[in-house]
Amino acid sequence: MSKRTVALVGAVLLASFPACVDLNEHLVSGLANQPYNSAEVFDALVSATYEPLRSFWAQERGFTVTEFGTDIFTKGADGSHKFINDYTTQLNADESFFRDTWDDFYRANAVIGRAPIVDMDSSRKAQRVAEARFLRALYYFVLVQMYGPVTLTLQETQGVTTEATRAPVDSVYDAIIDDLHYAEATLDYVSPDYGRVTKGAAQDLLAKVYLTRLRSDDSAADEALKQQAGDFANAADYAQRVINSGRYQLLPRFADVFDFNNERNAEVIWSVQFTTDPLTTGPGNSGHLYFLMEYDVMPGMKRDIANGRPFKRFRPTPFLLGLYDRTKDSRYAAQFRRVWYANNTSTIPKDASGVPKFQLGDTAIYVSATDSDSVLVQLKPYRVYTPRTYADNIFPSLNKFHDPFRLSINETRGSRDYLLLRLAETYLIAAEALLRDGRAAEALPYINAVRRRAAIPGHETEMELTAAQLTLDEILNERAREFAGETMRWFDLVRTHTLVSRVRAHNPDGAPNVQPYHALRPIPATQLQRTTCCYNQNPGY
């Protein structure tokens, strides 16, 4: 697909556009002073509404606020923001990651509100409005999960105001669902511009929203729960609509989903677009940086493009690594890199007679999954690490975001798409929704479909769960195995009211400090400071 750019002054930046969306090659300048009845300006505004996707997902901020401080990832060696994992008092209203997410996700109202005056084909206009309403719903969905009651603005703000209120959570969810219903009714399953929102994406997000909305287990909220009766049934229904649409399918092998050369595959419902073009890719997909151990200082190794640039931010917990039965589950081997091959002659160690202990291309580092391999430390000429010798800079490296096609050794911008909605999650949403709706027998085939796909060939039947094994805890374990690192985990634990119990059980760095109030993030200090009246902070901050 050709990548065309639209240059705008003010609200729309060149790097903001989704890289795989075709835009008319037309220079539009002075957007802030333009009438909004131009089809070109309107298309550009809709395209710009996609920009926050690439500021949060596939970036350090998104990974940090969703993977840190959970049961499956803890802090590695480098980087700041470690207090988000540790739940110390530095996790407060001044934290930039919470402020920037708050600021970025208030978008789309101008596009939606000004659509009636735009002179363009009515069908195309309706599609663009539906895209904008989907994106508004997605952004509010992140905001309401992170902050609880938030400012709900569905109309374009005209002029400067210092007055704001926090809308009840129920009202925010009602607005989200209304927007998604509009998108579902308006969009088709296929867009001519890959990367734009589709009907399948709207249905999939509706399933997740309904699954999440019924989230309070506080007895004082019984009446609210009654008012939202049927959410689990709705979640199951929308997940099944996606699964039964015939538009998507689970790939035969888990490893195929993250094949760099197979980004547009049948399992992808919707993805955030990136390219190799530095002019249009914006910040790039930087996920390749953060889950990578410090291989480049080891004997026989040096940093190169093929192996990656190790920022070593996020270290998998022993709990996560122990969830995989490696005798029958392919996902441990498929998504954790454990072997590094020598690429640096000058640092290969030599024996007493001066002979290199190994050669270029031989194993230089082996990160074992079991302490029973401790004997290899003495027997092998290369470095061997076992679980008891893992450290904050040495650990099995998640390779889902590996990018060997960056432009230089130290380039942080990756070009692979970020898979935001994929069918394996839809299956697990259906399983969780049906289980929590009291229909465990109907739930079982959905989780087993994901587990059978994950099986080492010949072990499919062994991977299936029985009805007695199907619990909410086991669904959470399955989501950890399948979606490690995919910016879901903190939301999963909050949705299931297991954040505190699982962090205390499985994240030693966060365990001493995590409290129930950490199920919400602090309202940014900037929001409180610029509001003249009555904008209260979340409890505990």
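Small disclaimer: the values here were computed from a predicted structure and weren't measured. Only heavy atoms go into these numbers, but all of them, side chains included; no hydrogens, no water, no symmetry mates.
In this structure, L205 and Y238 have side chains that are not in contact, with every pair of non-hydrogen atoms separated by 4.5 Å or more.
A salt bridge is defined here as a Lys NZ or Arg NE, NH1 or NH2 lying under 4.0 Å from an Asp or Glu carboxylate O, and R495 with D231 fails to meet this definition. Using a 4.0 Å cut-off between a side-chain N of Lys or Arg and a carboxylate O of Asp or Glu, E95 and R521 do not qualify as a salt bridge. R502 has a carboxylate O that lies under 4.0 Å from a charged side-chain N of D473, or vice versa, which qualifies the two as a salt bridge. We find that D204 and R422 are not joined by a salt bridge, their nearest charged nitrogen and carboxylate oxygen being 4.0 Å or further apart. The pair K82-D392 does not meet the salt-bridge criterion, since no charged nitrogen lies less than 4.0 angstrom from a carboxylate oxygen.
The ring of F73 has its center no closer than 6.0 angstrom to the ring center of F63.
Of the possible donor and acceptor atoms, none in the side chain of Y210 sits under 3.5 Å from a partner among the backbone N and O of A236. Distance alone, capped at 3.5 Å, is enough to place a donor-acceptor pair between the D417 side chain and the F274 backbone.
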Residues E411, R309; criterion salt bridge (Lys or Arg N to Asp or Glu O under 4.0 Å); working and verdict: CA-CA 8 Å; E411 177 61 74; R309 183 178 177 183; over 6 Å; no
Would you sort out whether Y517 and Y541 count as a ring pair (Phe, Tyr, Trp, His ring centres under 6.0 Å), showing the intermediate values? CA-CA 9 Å; Y517 70 80; Y541 296 105; 5.2 Å; yes
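Atom CG of N536 sits about 8.5 Å away from atom CG of L528, to the nearest 0.5 Å.
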